[in-house]
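Reading through the structure tokens given below for one structure.
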Number of protein chains: 2
Amino acid sequence: MNVLEKIVNNVTNFSKSERKVADVILANPQVSIHSSIATLAKMANVSEPTVNRFCRRLDTKGFPDFKLHLAQSLANGTPYVNRHVEEDDGPEAYTAKIFESTMAALDTARQRVDINTINRAVDVLTQAKKISFFGLGASASVAHDAQNKFFRFNVPVVCFDDIVMQRMSAINSTEGDVVVCISHTGRTKNLCDIATIARENDATVIGITSYDSPLAKECTLVLSLDVPEDTDMYMPMASRVAQLVLIDILATGFTLRRGSKFRENLKKVKDSLRGSRFDRKDFNN
Amino acid sequence: MNVLEKIVNNVTNFSKSERKVADVILANPQVSIHSSIATLAKMANVSEPTVNRFCRRLDTKGFPDFKLHLAQSLANGTPYVNRHVEEDDGPEAYTAKIFESTMAALDTARQRVDINTINRAVDVLTQAKKISFFGLGASASVAHDAQNKFFRFNVPVVCFDDIVMQRMSAINSTEGDVVVCISHTGRTKNLCDIATIARENDATVIGITSYDSPLAKECTLVLSLDVPEDTDMYMPMASRVAQLVLIDILATGFTLRRGSKFRENLKKVKDSLRGSRFDRKDFNN
DNA sequence: GGTTAAGTGTTGTAAAATTACATATATTTT
DNA sequence: AAAATATATGTAATTTTACAACACTTAACC
């Protein structure tokens, strides 16, 4: 939790004078980080040691350390303390909030993701005879995206968003095949079935899902993100972005494993698009 | 540009002693921000004023101000100075780099996006008789995702990733229909055609694409992101994440316009999933 | 080889932060 | 309700820190 949030959360625990300090800082955080303890004390109409004590209460070593933490909280502009979108937010507010909460979600995802599992997943993927990506609902588009990345690698890739096709595909899988099941909650019954079926047919199942979910139990390898879905109650947002980044990471790991010759191949794939595009020269005329 | 990058870029302009300082800071940035000017000077084997001059060369007011800037650069952990994935990066390195570059891309997207256009786009979308999302290649999955969001709003939504279907759909569009064309480069000929056709049939065309691209010229409204695609040359990564966030923003704007009663509706959509899921109780047994 | 300029270090001082202590205010106990 | 205790806040002194001014060193150039 960053200092700014900490101040807001602790506002009730503060004493009268400390609260004055909190108010001043929250009102002009950008000014605060460039002020000395003396000027800040004056602004809040308290003594200097009070400011100092305030800093310590927030688990910082002292005023300079506090300013450091505050500066970090403000690193990306002045963030909304409350990132939840609210009824009366204007376009500016909700735009900023969604960007911020998505970035925050990616940040926690980065901290929580298990590098070791990623590495093993890349291992498995590079050795796969066939790779299948399955997702339902919002996760279906993530699966599509994954397909779009991995087909470039000249590996057989399939991607279905239709349960029946998924089932048939899963039943047909064999040893050496890799099935990637994508689900934020990990509670979608149909997808859990797919994982079970695939495993029964000796495929390796990678789950991009929540740790400790029913789906996770069915997987050989679980890449859990556990992003707090905090922007909107009714639509998956940040979770799905994190999933996509994870796909990017797996794809990158894949290309790195394959070495530099392989990258030539990617270039060819990209170049193949040329005919379908306006190139820059055409356009500048 | 953040201070850390600035140091790296200016490393040639530094004097011998200043370079020593730069090296020490780059080697242990986290330590640096918690050190006094004296200890840092000792670490670098230079005098205190040299450290001070070093700070000023980087356009900071002095050492404390420099530390503030440095702290902000390090706000999200110790970032890789070079975010480009390299041949010999291990899983840890490329994972961190991709997360970081994605977050950086979102940050620039946030700064560059035009709130006013977003607001107008939301306007148009809320009044649409029908909304169509079209994208090709990597942008197709973004279009799918958009469909997944907007269909919840009880508005007719279509989404095709097939050029022929797209064309037919575009030709059938009429006044009051909104067509959203998604393309990072904005140079995909087929998609430009779609935009043209839709406009000819009096539909409103929103482009999620690069400013100043051929596609942009064909659109009624252009939501440009202009994210530097810096992670990988051969695959779209950050750009597509930014597009998704933009979709989230439009969807959120949409729900806010519709007011609180409308949100009940969203809840119903979400609740409808319940039957297809393991609920938490089932699972805990 | 001397002159100039840029770079670097030493000393001293002003400012800033923190400690220790004193006073005021609230809280509990009798 | 008054005394006792604990908590909160401020004052003054101390210590730490950053910076300016000056002196010295090194490199560059004529």
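All chains are named by letter (A, B, ...) in the order of the sequence lines, taking the proteins before the strands, and each is independently numbered beginning at 1. Everything quoted here is computed from the prediction, not taken from an experiment.
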What pairs with [X] under side-chain hydrogen bond (donor to acceptor under 3.5 Å, both in side chains), at least two apart in sequence or on another chain?
X	answer
B:R257	B:N119, B:D123
A:T108	none
B:N28	none
B:D59	none

Within less than 4.0 Å of OP1 or OP2 of C:dA17, is there a side-chain N or O belonging to A:N52?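 It does not, given that no N or O in the side chain of A:N52 lies less than 4.0 Å from OP1 or OP2 of C:dA17.
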B/S/- contact track for nucleotides 4-13 of chain C, protein heavy atom under 4.0 Å: ---SBBB---
Does the side chain of A:L250 come within less than 4.5 Å of A:K149's, by heavy atoms?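 Sidechains of A:L250 and A:K149: no contact.
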side-chain contact (heavy atoms from CB on, under 4.5 Å) partners of [X], counting only residues at least two apart:
X	value
A:D23	A:R19
A:A138	A:P236, B:N148
A:A38	A:S36, A:E48

Terminal contacting nucleotides, 5' and 3', DNA chain D versus chain A (heavy atom, 4.0 Å):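 The footprint of chain A covers D:dA8 to D:dT11.
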Within the structure shown, what part of the strands sits under 4.0 Å from B:R56 by heavy-atom distance: base, sugar-phosphate, or nothing?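 Contact class for B:R56: sugar-phosphate only.
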